[in-house]
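In the text below, chain A, chain B and the rest are named by the order of the sequence lines, each starting its count at 1.
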Amino acid sequence: MNIFKDLFNIVKEEIEHLSGAGELPGGLDLAGVLVEPPRDPSHGDMATNAAMVLAKRAGKAPRDIATLLAGRLGARDGIAAVDVAGPGFINLRLSPAYWQTALARIIASGERYGAFDLGKGQKVNVEYVSANPTGPLHVGHARGTVFGDVLAALLERMGYVVTREYYVNDAGAQVDTLARSVYQRYLEALGRELGPDAFDEGYPGDYLVPVGQALAREHGEKFADAPESEWFETFRAFAVESMLSLIRDDLDALGVHHDLFSSEKKLVEDGQVQNTFIDFQSRDLIYEGVLEPPKGKPPPDDWEPRPQNLFRATSFGDEVDRPLKKSDGSWTYFATDIAYHRDKFERGFHDMIDVWGADHGGYVKRMKAAVSAVSSDKAKLDVKLCNMVKLTQGGKPVAMSKRSGQFVTLRDVVDEVGKDVVRFIMLTRKNDAPLEFDLARVVEQSKDNPVFYVQYAHARIRSVLRRAEAEMPGLVAGDFPANVNLSVLTDAAELDLIKSMCGWPRAIDSAVSSHEPHRLAFYLQELAAAFHLLWNKGNEDHALRFIIAENDQVTAARLALIGAVAQVISLGLGIFAVQPVEEMR
RNA sequence: GCGCCCGUAGCUCAGUAGGAUAGAGCACCAGAUUCCUAAUCUGGGGGUCGCAGGUUCGAAUCCUGCCGGGCGCGCCA
């Protein structure tokens, strides 16, 4: 059920008819022909640019084509009026019966409304969160976490087979630092005095205290005076495992569950990075060269030109060729990440989406270049950058400092306002725009708060349905709402509400094809607004109230109408994994 | 210096696979409640879509150049 596609097909049929009749050339390319609601509602319910798009291809003036086409379209069922406007727009006005039928079809679609098999079973890999396993998640992580999770759900609903993946950076210097910080906590747990510089360049957060204590319980004094080489591996492994478990708990609190955690360390140990390197060598994608220092910026203190193995990233659209090994011979982060994406490709993913923080923006080109290289251009990578979250409380910034180890954790925020609120608010801005998250405002019960506004519409509908059941028993029983006569829905506000619901497949389509789930949040706010409007008309004019005690037929039709609205809201919230509320008192 | 992102109403932001007179919320002003939740709704004022060119039937949207802001720029991830 998608009225835009239906109407497009009608336009297409009539163009073909005109071709058949010799009025237009045959075999016209319809690319670019759109049927969409005009920006200005006074132009009608729907408009098509067909005449203007086809003018050149058909060798006729746009207004002439429009007039021909308008004559045909006016005879079609459901189209009440047609007019040609401006440079050649064809505006369509649809009859109440058309909208009533549309509502019946929305109701019949049920939970499948708006879903269609766009993906056709194609595999998509969505990598998100991928925070370093060095501590709990903070609020900033929530953005990409929710974004990735909802995008995955959206793709799944549209027929893709989605794998949700978390890349664990457990091989670099940061987890080495983590191990040393944990060692300090271990000493502390044994009653040793910590030096003032114990956590210099390390992780001073309290969350490592229990990790040190657990190691003290298990190993006692065994490693207290031992050289680093004796305890390092043990401590690092334990620390990483502890942090991952912490992170999994945080994700769980947000309702996020990945299908796969991929370990960077394992990738290295299994030789996959080495294999990638050899593969590149064999394809002449690696050469010995010297990298120039970055221009316009003082070079790093220890800069020295050094011949090294460089990956020909510039052959795949990057700006410079990139080193894969550090001077100590270990792999760069980029090298392991290439191997990781190669691994994804070999697992059958030709469609990859990475969700990163905006501060990694400078990394996009080289990663896309890498994916091109490892897949010989068979796979494509879309990188979605999530901008920062500004946490505020009543408009005042909440201080966050990672260095001091005092930062607001994701868990703190979820505990304070609830996971549903966090999930919804994170999608109320486009991913690449900064987002303000105000702890006070997001729990406010007012129109300022989009979560509330949408939830309130749902709660109001559920409340009306409950009351109707109590006051007019039997009305919503049996075949309801399939058996309802919807032709009594004729008020402009009622029809507007149906029109708004007809926009759902369009909203979901644009959200999935642009990989921008925030569009659904905006849609839901618009749908809620159309509903609240109708509700208030009932306050002014009793004849428009949903429950008319002495008129079963009208009541049933209106209940079917708002029941469908509740259904669409709950579908939208369902993609967000937000629970629609039954009442708000 | 180079690359990426951004610049839309007083504020916060939608809208950018080109569509008609550019939207919403907040704030401001004026209204609506014997009645399904006024936690809502209605109306009003408010704009050189950063600037300047270009592409065409048509540009906030595409191209070029500037201006302004953010992020990034071997051996962190």
Counting only side-chain heavy atoms from C-beta out, which of [options] sits nearest to [X]?
{"X": "A:Trp535", "options": "B:rG19, B:rA77, B:rU37", "value": "B:rU37"}
{"X": "A:Ala85", "options": "B:rC71, B:rA20, B:rG3", "value": "B:rA20"}
{"X": "A:Arg467", "options": "B:rA77, B:rU37, B:rC57", "value": "B:rU37"}
{"X": "A:Phe522", "options": "B:rG74, B:rU40, B:rC13", "value": "B:rC13"}
{"X": "A:Lys56", "options": "B:rC57, B:rC36, B:rA20", "value": "B:rC57"}
{"X": "A:Lys326", "options": "B:rA14, B:rU40, B:rC76", "value": "B:rC76"}

Quiz question: going by heavy-atom distance under 3.5 Å, is there a donor-acceptor pair between the base of [N] and the side chain of [X]?
{"X": "A:Asn91", "N": "B:rA20", "value": "yes"}
{"X": "A:His360", "N": "B:rA77", "value": "yes"}
{"X": "A:Lys430", "N": "B:rU16", "value": "yes"}
{"X": "A:Asn539", "N": "B:rU33", "value": "no"}

For [X], report the nucleic acid contact type (base, sugar-phosphate, nothing); a contact means any heavy atom under 4.0 Å.
{"X": "A:Leu533", "answer": "sugar-phosphate"}
{"X": "A:Phe452", "answer": "base"}
{"X": "A:Arg519", "answer": "sugar-phosphate"}
{"X": "A:Ala468", "answer": "nothing"}

Symbol by symbol from the 5' end, with Watson-Crick or G-U pairs under 3.5 Å, [ ] crossing and | another strand, RNA chain B is (((((((..((((.....[...)))).(((((.......))))).....(((((..]....))))))))))))....
Requested in this report: Scan side-chain atoms only and decide if A:Asp321 and A:Tyr287 contain a donor-acceptor pair under the 3.5 Å cut-off.
Outcome: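 Looking only at side-chain atoms, A:Tyr287 and A:Asp321 do form a donor-acceptor pair, the distance falling under 3.5 Å.
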| said: Below 30° counts as parallel, above 60° as perpendicular, anything between as tilted: where do the rings of A:His258 and A:Tyr166 land? | reply: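 Aromatic pair A:His258/A:Tyr166 classed perpendicular.
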(message) For A:His138, is there any backbone N or O sitting under 3.5 Å from a side-chain donor or acceptor partner on A:His141?
(response)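 Side chain of A:His141 to backbone of A:His138, a donor-acceptor pair under 3.5 Å: yes, one is there.
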Practice item. Please determine if A:Lys499 and A:Asp496 form a salt bridge, counting it only when a charged side-chain N lies under 4.0 Å from a carboxylate O. Key: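 Salt bridge between A:Lys499 and A:Asp496, a charged N being under 4.0 Å from a carboxylate O: yes.
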field: salt_bridge(A:Glu540, A:Lys537) N-O dist < 4.0 Å
entry: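 No, A:Glu540 and A:Lys537 are not salt-bridged.
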Can you name the atoms? Protein N/O to nucleotides 46-48 of chain B N/O, anything below 3.5 Å, with the distance.
none

Using the closest heavy atom to pick a nucleotide of RNA chain B for each, name whichever of A:Glu436 or A:Asp432 lands nearer the 5' end.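 On the 5' side of the pair lies A:Asp432.
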- If you find the nucleotide of RNA chain B closest to A:Ala358 and the one closest to A:Pro293, which residue's nucleotide is nearer the 5' end?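 Whichever sits nearer the 5' end wins; that is A:Ala358.
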